[in-house]
2 protein chains.
Amino acid sequence: MFSKSCKYAMRAVLYLALNGNEEKKLGVKEIADELNVPKHFLAKLLQQLSKNQLISSTKGPSGGFYLNDQNKETSLRKVVETIDGPEVFNTCILGLPVCSSENPCPLHFKALEYREGLLEVVEGKKIEELARRIKDENLTI
Amino acid sequence: MFSKSCKYAMRAVLYLALNGNEEKKLGVKEIADELNVPKHFLAKLLQQLSKNQLISSTKGPSGGFYLNDQNKETSLRKVVETIDGPEVFNTCILGLPVCSSENPCPLHFKALEYREGLLEVVEGKKIEELARRIKDENLTI
DNA sequence: GTAATAAAAGACAAAAAGGTCTTTTATTAT
DNA sequence: ATAATAAAAGACCTTTTTGTCTTTTATTAC
């Protein structure tokens, strides 16, 4: 479903939401170490997210990555779509060039249902709310 | 979710179920042309399926690929697991090394729920039955 | 204004996935 | 037996994805 890059990015954003804030910015090193992902590789992903204003950053001492108020309001879906492209959620699971409810493949409707459910999770809540849920329900990232 | 290889393989098996039989074996060329997939690449996938007894083949004139009675009884799931490995259906959607109902990631339950849905389609019916359904409901492969 | 810090940028490298082409082997129809 | 056929096998090649390392740029604390 999601590329490794995308998984790293999602987790990093959630990590930022859970452990950082505008006053306590986090460096790539910390995030990478905590999430167990390759540091320099993650750095590029964060840069990409930063360029797309899904996360914020400042350079220099006491600099790092964080989520500003606007960032916290966006959905994880944007992170996914920034990294894996917007088609992730609607390409045919059998790889057919055309596959729709009018012209479905054998897996179409189940796949659709599947994706709707996932979309609900990554889009239904703001990052902020998702982070809250992660804390409350003691989920792992 | 599924690799390209896996998609090609699934479609090819369904194509065999729909268009061939023990008396009318199909060559890679026909299958590849019809499904619009790279011929030699598909050939290897079919070889792999054949080795694993998910499809049958004979060499030489009037030879080709087909499904014997046993093959028709198996599920698409086996095809998937032969090509993409058995873990496809239970690796964490966020890529976490441990992610279970006891120790879930934020997407765990939704991912589980809908993977079950997909499993139902690829495992709930024999190839034969699935092919029947494709015919009846005029689905695309 | 200088040194230290941390992200940004960019050049490579390694691994995996996807794809092509050629040779070999088995089968069958003649 | 032989020629023709089609899968099996294997050697490569290309592209994409993933990962590493180095240099540059911006910021801040002193």
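The model shown is predicted, which means the values in this text are computed figures rather than measured ones. To find a chain, count down the sequence lines: A is the first, B the second, and so on, and within it residues start at 1.
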Let me know the distance between CZ of A/F65 and C1' of D/dT27, rounded to the nearest Å. 14 Å
Whole-Å distance between D/dA6 P and B/D33 CG? 13 Å
Proximal nucleotide (of C/dA9, D/dT5, D/dT20) relative to the B/P61 side chain: D/dT5
Counting distance only, does the side-chain N/O of B/N21 pair as donor-acceptor with the main-chain N or O of B/Y66 below 3.5 Å? no
A/K72 and A/E128 ion-paired at < 4.0 Å: no
Using whole Å, report how far CG of A/L49 lies from P of C/dA9. 13 Å
Can you find a side chain N or O atom of B/S57 that sits less than 4.0 Å from OP1 or OP2 on D/dA7? no
For the pair made of NE2 in B/H40 and P in D/dT14, what is the distance, rounded to whole Å? 16 Å
Reckon B/Y8 has a side-chain N or O less than 4.0 Å from the OP1 or OP2 of C/dG18? no
Is any side-chain heavy atom of A/F2 closer than 4.5 Å to one of A/I83? no
Can you find a side chain N or O atom of B/K44 that sits less than 4.0 Å from OP1 or OP2 on D/dA7? no
Closer than 4.0 Å, any side-chain N/O of B/S5 to the OP1 or OP2 of C/dG18? yes
When all nucleic acid strands are considered with a 4.0 Å heavy-atom cut-off, which category describes B/L26: base, sugar-phosphate, or nothing? sugar-phosphate
More than 12 non-hydrogen atoms from neighbouring residues, nucleotides or ligands closer than 6.0 Å to NZ on B/K78, yes or no? no
Side-chain N or O of B/S50 less than 4.0 angstrom from OP1 or OP2 on D/dA8? yes
Nucleotide of D/dT18, C/dA8, C/dG18 approaching A/S3 most closely (side-chain heavy atoms): D/dT18
Whole-Å distance between C/dC21 P and B/K29 NZ? 13 Å
Output the rounded distance in Å from NZ (B/K39) to C1' (D/dA7). 11 Å
Rounded to whole Å, how long is the line connecting atom NZ of A/K25 with atom P of C/dT5? 17 Å
Could you state the atom-to-atom distance from NZ of B/K59 to P of D/dA6 in whole Å? 14 Å
Contact under 4.0 Å: A/K4 side-chain N or O vs D/dG19 OP1/OP2: yes
Would B/S3 and B/Y8 count as a side-chain contact (heavy atoms from CB on, under 4.5 Å) if you check the C-alpha gap in whole Å, the side-chain angles of each, and the deciding distance to 0.1 Å? CA-CA 9 Å; B/S3 69; B/Y8 292 164; over 6 Å; no
